[in-house]
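In what follows, a single structure is set out as structure tokens and then discussed.
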Amino acid sequence: MRIKELLLTSLEESQEIASLTAVYEGKPAVFFGYVPEDEGEGWGETRPYPRILCTVRKCAFGRKREQIMLTAEIQWGGEGAGVQEREQAGEIISRLLGEKVFQTDVNVYCLEYTGDQKNNLMNAYYFQVLEYPLPAFAEPDPIKALQTAAEEILPKEENVPLLCRLRWMRDDFSTSVAAGKTMKFRVDIHLFLRDQEKCLQAASSLLYGLTEKEEIDLADGSPVHLRKIRLTADGDGWRKGRLKIIGTYGLARKPEKGHSLTGVKITEK
């Protein structure tokens, strides 16, 4: 499933969007790239407003790599809308698109809110589409295990969108050959929340929860040892992770000697 289909499905299945928009062919009036004519049969007897038009375009800025931009435009028609209705609509769009992880078979996507534009006829909200390729691991998968552990630490009712992103992995030469081959890695945990206070609370919960665990079980029962954990209090949750974790796996658990976490750090930047 492509990112456009994921975004469209997310908006169409939202009860909040359904209460905000008109109906077209039995579904919320959400469209990608085009809008049917106002006199089309799909509208039935209802007014074809409000409706949402999403467009994706590719942009190149100087020498930077190509960027994908998404515009979500709420069209009010000639009558416009009240201030309260506009603010409510903007909050819904920003949360549904900007605070969610979209995953395909090979990539994970998130949308970084970059600004908006408003007038009497429409509200337009702009996002940059950020793409994170999924690492290819055979089971047991240490990144998947860490993602599951992080999701279990945070309360389910808060529904915090997070992503464990592999930054690097290499052989761990600090262990003896006799102990077997081990791998050392760094994972950043991204928290896609615009509310900075809520984001910091979630990051703190993850810090203390993972510090208490020290180990995470893989699918085959072997451990991932957490060596260092760093929390960045003031950071960009989209491009840079709020938590940075150094860990190892491939070393058998020794019951007679527990693992010791060697470093926990909280920084301002």
Side-chain angles (χ1 to χ4, degrees), residues 99-101 103 108 110 130 132-135 137-172 174-175 179-269:
E99 296 188 356
K100 192 169 182 177
V101 176
Q103 183 169 332
V108 171
C110 70
L130 303 179
Y132 305 107
L134 288 174
F137 279 103
E139 291 291 352
D141 185 340
I143 312 306
K144 181 179 178 181
L146 188 56
Q147 176 90 20
T148 300
E151 291 173 348
E152 290 175 349
I153 289 172
L154 297 176
K156 290 184 178 180
E157 59 272 14
E158 293 185 8
N159 195 27
V160 177
L162 64 87
L163 171 66
C164 290
R165 180 187 179 196
L166 178 66
R167 300 308 302 268
W168 52 257
M169 180 175 288
R170 55 177 176 257
D171 290 341
D172 182 13
S174 64
T175 57
K181 181 178 180 180
T182 64
M183 301 299 293
K184 188 175 184 179
F185 63 88
R186 173 184 153 185
V187 166
D188 289 0
I189 300 183
H190 297 257
L191 299 170
F192 303 115
L193 294 170
R194 293 180 61 194
D195 186 325
Q196 293 303 303
E197 182 177 352
K198 185 178 179 181
C199 186
L200 184 57
Q201 290 175 351
S204 299
S205 297
L206 284 175
L207 173 68
Y208 294 119
L210 293 172
T211 301
E212 190 174 48
K213 283 180 177 291
E214 292 192 11
E215 290 182 358
I216 296 171
D217 288 335
L218 293 173
D220 64 354
S222 62
V224 173
H225 299 290
L226 305 181
R227 301 297 189 186
K228 297 181 180 180
I229 306 175
R230 175 182 175 184
L231 185 154
T232 304
D234 183 17
D236 178 1
W238 275 260
R239 299 171 185 275
K240 297 180 181 179
R242 281 302 182 103
L243 287 169
K244 296 176 176 58
I245 298 173
I246 303 292
T248 57
Y249 75 102
L251 186 64
R253 183 181 287 109
K254 296 181 179 180
E256 69 277 6
K257 184 178 180 181
H259 166 65
S260 297
L261 185 67
T262 60
V264 176
K265 187 175 182 181
I266 301 176
T267 62
E268 291 294 330
K269 297 182 179 179

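Counting begins at 1 with the first residue of the sequence.
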So which atom in [X] and which in [Y] form the shortest heavy-atom distance, rounded to 0.1 Å?
X: A202; Y: L154; value: O-CD2, 3.6 Å
X: I229; Y: L210; value: CD1-CB, 3.8 Å
X: T182; Y: G250; value: CG2-C, 3.9 Å
X: I216; Y: A145; value: CG2-O, 3.7 Å
X: I189; Y: C164; value: CG1-SG, 3.9 Å

Measuring from [X]:[atom1] to [Y]:[atom2], what's the distance to the nearest 0.5 Å?
X: C199; Y: H190; atom1: SG; atom2: NE2; result: 11.5 Å
X: R227; Y: K184; atom1: CZ; atom2: NZ; result: 8.5 Å
X: R230; Y: L207; atom1: CZ; atom2: CG; result: 12.5 Å
X: L231; Y: K244; atom1: CG; atom2: NZ; result: 9.0 Å
X: L226; Y: T211; atom1: CG; atom2: OG1; result: 8.5 Å
X: L163; Y: L130; atom1: CG; atom2: CG; result: 11.0 Å

Indicate yes or no: at least one non-hydrogen side-chain atom of [X] is less than 4.5 angstrom from one of [Y].
X: R242; Y: L206; result: no
X: I143; Y: L134; result: no
X: M183; Y: P142; result: no
X: Q196; Y: L200; result: no
X: L146; Y: V224; result: no

>> Taking salt bridge (charged side-chain N to carboxylate O under 4.0 Å, His left out) as the definition, give me every residue that meets it alongside R186, ordered by chain and number, with sequence neighbours left out.
In response: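 R186: salt bridge (charged side-chain N to carboxylate O under 4.0 Å, His left out) contacts with D188.
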>> Run the ring-ring contact (aromatic ring centres under 6.0 Å, His included) test against Y208 and tell me which residues pass, sequence neighbours left out.
In response: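 For Y208, no residue satisfies ring-ring contact (aromatic ring centres under 6.0 Å, His included) once neighbours in sequence are set aside.
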Tell me every residue that passes side-chain hydrogen bond (donor to acceptor under 3.5 Å, both in side chains) with [X], counting only those two or more places apart in sequence or in another chain.
X: N159; value: none
X: E151; value: Q147
X: K100; value: S10

> Are the side chain of R170 and the backbone of F185 linked by a donor-acceptor contact shorter than 3.5 Å?
Replying inline: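 Here the side-chain-to-backbone pair does not exist.
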>> Give me each pair satisfying salt bridge (charged side-chain N to carboxylate O under 4.0 Å, His left out) with a member in residues 189-212, each pair once, sequence neighbours excluded.
In response: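 Qualifying pairs: none.
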